[in-house]
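Below, chain A is the first sequence line, B the second, and so on; all start at residue 1.
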Amino acid sequence: MKQEFPIFALVDCNNFYVSCERVFNPFLTRRPAVVLSNNDGCIVARSQEVKKLGIAMGTPLFKCADLIKKQGIAVLSSNYALYGDMSRRVMQTLEQFTDRIEIYSIDEAFLRLDNLSLDNYQKYAEKIQRTVLQWTGIPVSIGVAETKTLAKVANRVAKMREDQRGVMNIVQHPDMDGILETVEIGKVWGVGRRYARMLKKNGIANARQLKYADRKWIAEKMTVVGERLLLELRGKSVIDLEQTPPPKKAICTSKSFGRPIEKKDEMHAAVTEYATRCAEKVRKQGSAASVVMVFMTTNPFKKGPQYANYKQIRLPAPCNNTREITETACSLGDQIFKPGYKYKKAGVLLTQLVSADHIQQNLFTDQVVLEKRKKITQVMDRINSLRGRDKIRLAAAGFTNPWSMKREMKSPEYTTCWAEIPVVNCRVSR
DNA sequence: TCTGGGGTCCTAGGACCC
DNA sequence: TCTGGGGTCCTAGGACCC
């Protein structure tokens, strides 16, 4: 029997960053492990064992240092080159199973699995799970349901199940309400802390209660976003797959410094670097920016004088070359930089992005200069993509940056760097 | 000592237009 | 004294996601 309604599967990698590390480091396999954010600041990924110990997502490392030591938890700095590459492998594997796929985040994808017969969803999902594990080494959980929101719910249930089979199919489930009742309201996709508090105050404490809440009241309190959520919980699919992601409307590069910055020329170097990254990203998606914004801030967690400011400017014409964007960003940075503060973080934001194919120049554009800059940028991009990031860059970015990110426990870039590729030691006995 | 980074969508309100 | 009606565009702020 074929289904008339859409069927969604949500494939979610288990403890993704930790799983990536474990693929290449067998010593981590049975050890509790965590992966840290930039600057080794917070815990952003935890193995199952660590979750059981009650260490929350986003906990600053220093707040649980004792527990980590006591429990012998392995601690790793983030290795985004590795995670990005592993993510690509997982997604490519999923694409073997359907071409209707939405890559939702680095470790999650929605698949449309319509047209299977009702009793086949479970088996098909299990096959997907086995294949991903076999081809990439990454364990995944899969939830299958009639809407994206319900697939999220199913995935959650799959992750919590004791048998760890990791597949939960709730299509036409006889006890849907019973399942929804087990999902606390704050864990529902799209209900954050604020809404969770508001809903609980009004007697809605789990997903089942939201499902049967008054639609008008929800729309009033949570806008159309909440209304859509409610419909999805009722089994009516209103959030469809987004197969080709729309181009980004804003592109941002911002980082905390490994140590505070006080000097203007150091800030200059940081802004130059961030602006360079932004320009690269914007070119990569074939866009150009109309507005450049720069912001900087001191550390709000620390005592002492605080300062935060931002400034933005509209470019004479949309632009995506590194030099012009960098010059603009640095000039903005100079305007808001005030001496006498310890800066913790700065960032560059490019907004009002337009397609690079039809940029509206103004009357005074010097076409020769424009072409020259475009060519230089293209050559820089090519060299950097072949030889590695920043092989060629603007001198203003500085050479050694003592303030740059701290990553003291990073694993090798096993899959993206020739020098760090894993070596297998074989001992042959005669 | 030590507290991440990069996005999206929706709404209200102001500026502006005819 | 009396001060329209209808629309668009933009921005800031608030909510959310991973």
Side-chain angles (χ1 to χ4, degrees), chain A residues 10-17 34-46 55-66 68 75 77-80 83-84 87 102-110 148-149 152 155-156 185-199 218-229 238-239 242 245-260 274 277-278 281-282 285 287 290-291 293 295 297-304 310 312 314 342 344-353 405-409:
Chain A
L10 174 64
V11 181
D12 189 321
C13 301
N14 300 345
N15 321 320
F16 183 55
Y17 295 172
V34 296
V35 175
L36 305 177
S37 63
N38 283 346
N39 285 314
D40 295 340
C42 298
I43 290 172
V44 293
R46 306 153 295 157
I55 294 180
M57 171 80 174
T59 310
L61 179 62
F62 71 90
K63 281 194 179 169
C64 53
D66 291 344
I68 282 174
V75 179
S77 301
S78 54
N79 182 348
Y80 285 105
Y83 313 148
S87 172
E102 171 186 344
I103 298 172
Y104 180 66
S105 75
I106 193 165
D107 70 337
E108 272 176 77
F110 285 103
K148 277 182 161 183
T149 306
K152 273 270 186 189
N155 192 288
R156 225 193 122 64
I185 194 66
K187 308 288 186 200
V188 176
W189 191 39
V191 180
R193 272 224 304 276
R194 288 304 253 281
Y195 283 149
R197 206 188 316 152
M198 185 277 292
L199 289 169
I218 291 294
E220 207 176 284
K221 294 280 184 188
M222 299 173 67
T223 78
V224 298
V225 179
E227 194 178 4
R228 280 202 282 257
L229 215 58
V238 290
I239 309 173
E242 254 187 27
K248 289 184 177 59
K249 294 168 182 168
I251 281 176
C252 174
T253 302
S254 110
K255 280 188 193 67
S256 304
F257 306 125
R259 66 148 172 79
Y274 299 167
R277 290 287 96 78
C278 272
K281 292 184 200 170
V282 103
Q285 83 158 18
S287 302
S290 316
V291 173
M293 181 177 114
F295 63 89
T297 160
T298 51
N299 188 348
F301 294 104
K302 278 206 154 173
K303 282 185 200 143
Y310 72 92
Q312 61 177 19
R314 176 171 293 274
K342 291 181 189 266
K344 177 61 181 169
K345 184 176 179 175
V348 174
L349 181 67
L350 303 181
T351 55
Q352 296 189 23
L353 306 185
M405 200 203 299
K406 220 165 48 180
R407 286 202 291 189
E408 286 168 354
M409 296 150 287

Worksheet item: Which of these nucleotides, dG5(B), dC16(C), dC18(C), is closest to any side-chain atom of Lys345(A)?
Response: dG5(B)

Discussion item. I'd like to know if the side chain of Ser37(A) reaches the main chain of Val44(A), judged simply by a donor and an acceptor atom lying under 3.5 Å from each other, with no hydrogens or angles considered.
Written reply: no

Discussion item. Check this for me: does any side-chain nitrogen of one of Glu108(A) and Lys152(A) sit under 4.0 Å from a carboxylate oxygen of the other?
Written reply: yes

Practice prompt. Classify the nucleic acid contact of Ser78(A) as base, sugar-phosphate or nothing, counting any heavy atom under 4.0 Å across all strands shown.
Written response: nothing

Item to complete: Let me know the distance between CZ of Arg407(A) and C1' of dG4(B), rounded to the nearest Å.
Response: 12 Å

Worksheet item: How far does CG of Asn38(A) sit from CZ of Arg407(A), to the nearest 0.5 angstrom?
Response: 7.0 Å

Discussion item. Taking any heavy-atom pair under 4.0 Å as a contact, classify Val35(A): base, sugar-phosphate, or nothing.
Written reply: nothing

Item to complete: Measure the distance from NZ on Lys187(A) to C1' on dC18(C) and round it to the nearest whole Å.
Response: 14 Å

Discussion item. If I take atom CG in residue Leu61(A) and atom P in nucleotide dT3(B), what distance separates them, rounded to the nearest angstrom?
Written reply: 10 Å

Worksheet item: Of all the choices, dC18(C), dT3(B), dG6(B), which nucleotide is nearest to the side chain of Lys63(A) once you look at every atom?
Response: dT3(B)

Practice prompt. Assign each of Thr223(A) and Cys42(A) to its nearest nucleotide of DNA chain B by heavy atoms, then name whichever residue's nucleotide is nearer the 5' end.
Written response: Cys42(A)

Worksheet, complete the sentence: The answer to which of Asp40(A) and Val225(A) contacts DNA chain B further toward the 5' end, by nearest nucleotide, is Asp40(A)

Worksheet item: Taking Asp107(A) for the side chain and Phe16(A) for the main chain, is one N or O donor matched with an acceptor at less than 3.5 Å?
Response: no

Practice prompt. Indicate whether OP1 or OP2 belonging to dG5(B) is found under 4.0 Å from a side-chain N or O atom of Ser256(A).
Written response: yes

Practice prompt. Looking at every strand, decide which applies to Arg228(A) at a 4.0 Å heavy-atom threshold: base, sugar-phosphate, or nothing.
Written response: sugar-phosphate

Item to complete: Round to the nearest Å and state the distance from Leu10(A) atom CG to dC17(C) atom C1'.
Response: 13 Å

Pairs under 3.5 Å (N/O, protein and nucleotides 7-12 of chain C):
| unit_1 | atom_1 | unit_2 | atom_2 | d |
| --- | --- | --- | --- | --- |
| dT11(C) | OP2 | Gln352(A) | NE2 | 3.1 |

Worksheet item: Considering only the P atoms, how many Å lie between dT3(B) and dC18(C), rounded to the nearest integer?
Response: 25 Å

Worksheet item: When we call it a touch if two heavy atoms are under 4.0 Å apart, what does Lys344(A) touch: a base, just sugar-phosphate, or nothing?
Response: sugar-phosphate

Worksheet item: Checking Asn39(A) side chain against Ser256(A) main chain: does a donor-acceptor pair fall under 3.5 Å?
Response: yes

Worksheet, complete the sentence: Interatomic distance, CD1@Ile68(A) vs CD1@Ile55(A), rounded to 0.5 Å, equals 5.0 Å

Worksheet entry | Options dG4(B), dC18(C), dC2(B), nucleotide nearest the side-chain atoms of Phe62(A) | dC2(B)

Worksheet item: Whole-Å distance between dG6(B) P and Asn38(A) CG?
Response: 8 Å

Worksheet entry | Other residues, nucleotides, ligands: >12 heavy atoms within 6.0 Å of Lys281(A) NZ | yes

Practice prompt. Using atom CG of Leu199(A) as one end and atom C1' of dC16(C) as the other, report the distance to the nearest whole Å.
Written response: 13 Å

Worksheet item: Tyr83(A) vs Tyr17(A) aromatic rings, parallel, tilted or perpendicular, using cut-offs 30° and 60°?
Response: parallel

Practice prompt. Return the value, rounded to whole Å, for the distance between atom NZ of Lys221(A) and atom P of dA15(C).
Written response: 13 Å

Worksheet item: With distance as the sole test, does Ser78(A) use its side chain to make a donor-acceptor pair with the main-chain N or O of Tyr80(A) at under 3.5 Å?
Response: no

Worksheet item: Is there a donor-acceptor pair under 3.5 Å between the side chain of Gln312(A) and the backbone N or O of Met293(A)?
Response: no

Item to complete: Take atom CG of Asn15(A) and atom P of dC18(C), then tell me their distance rounded to the nearest Å.
Response: 15 Å

Fill in: Proximity to DNA chain B (any heavy atom under 4.0 Å), residues of residues 245-252 of chain A only
Lys248(A), Lys249(A), Ala250(A), Ile251(A), Cys252(A)

Worksheet item: Using a cut-off of less than 4.0 Å, is there contact between a side-chain N or O of Lys302(A) and OP1 or OP2 of dC2(B)?
Response: yes

Worksheet entry | dG13(B): pairing nucleotide in any strand, Watson-Crick or G-U under 3.5 angstrom | dC10(C)

Worksheet item: Rounded to the nearest 0.5 Å, how far apart are CD1 of Ile239(A) and OG1 of Thr149(A)?
Response: 4.0 Å

